[in-house]
There are 2 protein chains.
Amino acid sequence: MRADAERSTARILEAAEAVLAVHAGASLERIADEAGLARATVHRRFASRQALLDALVEQLNQRYARALEQARVATAPPVAALEHVSEIVFELKITHPFVIGLDAEQSPEVRAGIELLFARLRHAGEITASGSDWCRAVYLSLMTEVHLLPDDAPDLVAAGSRAALLTKAVLGALRLAGPPCSTRNDDRHSG
Amino acid sequence: MRADAERSTARILEAAEAVLAVHAGASLERIADEAGLARATVHRRFASRQALLDALVEQLNQRYARALEQARVATAPPVAALEHVSEIVFELKITHPFVIGLDAEQSPEVRAGIELLFARLRHAGEITASGSDWCRAVYLSLMTEVHLLPDDAPDLVAAGSRAALLTKAVLGALRLAGPPCSTRNDDRHSG
DNA sequence: TTTAAATGCAACACTGCTGCCGCAGTTACG
DNA sequence: CGTAACTGCGGCAGCAGTGTTGCATTTAAA
């Protein structure tokens, strides 16, 4: 494939990500417009709308997987890993409501990575929620909301970064029952 | 208007709520099908698709407003009010992702009611988040996720009810900074 | 029972999107 | 430079959804 063709493919995926995040049912014309290309070119790279969507989901899943890998989800301290993953994802500006809204959803690898992360958080006593689906749902859901916050939102400013706000919110939401102030490695109960 | 016509209108709204919750772009044919009516009948009650959507949003907003009123958001203890509102909403099986997804979103009254609720929670020291948009976003977002949980989800069983799980999760998520175990009316720090 | 209203059915035109094609102009790469 | 690939443009048919209409039938209500 020629170099400019490859560029076009990338631009299409980029445009699709941006446009579909705002309106999931956006037309290929709109996507082609955003990419600065003709609609026919989109059809030349992707046989059908579905093919484009599939490619987009795969690309996003690869980014998720890479983020999980970079954050060393399996080995790093779990809270740090959670914040690190969030940070990378926000840098990538991944548009979650779109990806999650698709039938394909996350790949098994990504799914497993997130589940591992929350299993480790639970084992470390940082959260008490036991359902992996519930943990994933809360995480991705709050990620979307944090992503939509304006830059000058007070809570965002207070937390310092989107990743920090998301991390605190997720941990708080999943720290359900039990003594509200004690984690399992509790060594600061008198301040 | 004749009685059966009124029934039809109600069935259409009911069907629309159910169908659009699953697929926001569902056709009027699909909605009419679900309602057990002909598509033409839908058009007789609602001049356009947009008119149906508007009516649906208004209906749902009325239910929200009523729920906020019933829970005495302005006067009852805020945590109890939060759980009470959630309980009523879950009983109504209101389909949030659809309502929230619409441009119209919530009515000013509902918006104000929710903001009041979280302002009181903040004043009572139950949460520390200061942005009302952030509070509302977290609440509605988690409400959707709790709504989608299967009946036998472990965290749901542990919490006792959807309303209880949602309440704990929301409060946890919005209790961001500061000492993790002390509320402002803190009188139990040594057990 | 009588009457007006509501519905079901089956068309119809219109719109927007998709997928495809050919042609001419442009661009990358040997 | 020359060729092959890529792109833009425009048009085409097909399809799904919307909005409307007419007519026969059913149903609520006086």
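Quick caveat: nothing in here was measured; it's all calculated off a predicted structure. Just so it is clear, the values below take in all heavy atoms, side chains as well, and ignore hydrogens, waters and symmetry mates. So you know, we letter chains A, B, ... as the sequences are listed, proteins then strands, and number each from 1.
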Heavy-atom pair with the smallest gap, counting every atom of A:Ala76 and A:Arg120: O-NH1, 2.7 Å

Is it true that [X] and [Y] have a side-chain N and a carboxylate O under 4.0 angstrom from each other?
X: B:Arg162; Y: B:Asp151; answer: yes
X: B:Asp133; Y: B:Arg111; answer: yes
X: A:Asp4; Y: A:Arg11; answer: no
X: B:Asp33; Y: B:Arg30; answer: no

Side-chain donor-acceptor contact under 3.5 Å, B:Gln50 with B:Ser48: no

For A:Ser86 and A:Tyr139, which I'm curious about, is there any donor-acceptor pair between the side chains at under 3.5 Å? yes

Residues of residues 12-28 of chain B with a heavy atom under 4.0 Å from any atom of DNA chain C, listed by number, are none

Rounded to whole angstrom units, what separation is found between the [atom1] atom of [X] and the [atom2] atom of [N]?
X: A:Arg49; N: D:dG14; atom1: CZ; atom2: C1'; result: 17 Å
X: B:Glu6; N: C:dA5; atom1: CD; atom2: C1'; result: 14 Å
X: B:Glu29; N: C:dA10; atom1: CD; atom2: P; result: 12 Å
X: B:Ile31; N: D:dT18; atom1: CD1; atom2: P; result: 8 Å

Between N or O atoms, less than 3.5 Å apart, protein on one side and nucleotides 20-25 of chain D on the other: list the pairs.
residue	atom	partner	partner atom	Å
D:dT20	OP2	B:Ala47	O	3.4

Nearest heavy atom decides the nucleotide; on that basis, is B:Ser8 or A:Gln50 closer to the 5' end of DNA chain C? B:Ser8

For nucleotides 25-30 of chain C, give me one character per nucleotide, 5' to 3': B if any protein heavy atom sits under 4.0 Å from the base, S if the only such contacts are to the sugar-phosphate, - if neither. --BSS-

N/O donor-acceptor pair under 3.5 Å between A:Arg39 side chain and A:Glu29 backbone: no

Is a donor on one side and an acceptor on the other found under 3.5 Å between the side chain of A:Asn61 and the backbone of A:Ser107? yes

Only residue of B:Gln62, B:Arg63, B:Gln70 satisfying side chain to side chain contact (heavy atoms under 4.5 Å, CB included) with B:Arg66 is B:Gln70

Hey, are the side chains of A:Thr9 and A:Phe46 touching, using non-hydrogen atoms and a 4.5 Å cut-off? yes

May I ask you to say what B:Arg45 touches in the nucleic acid, namely base, sugar-phosphate or nothing, with a heavy-atom cut-off under 4.0 Å? sugar-phosphate

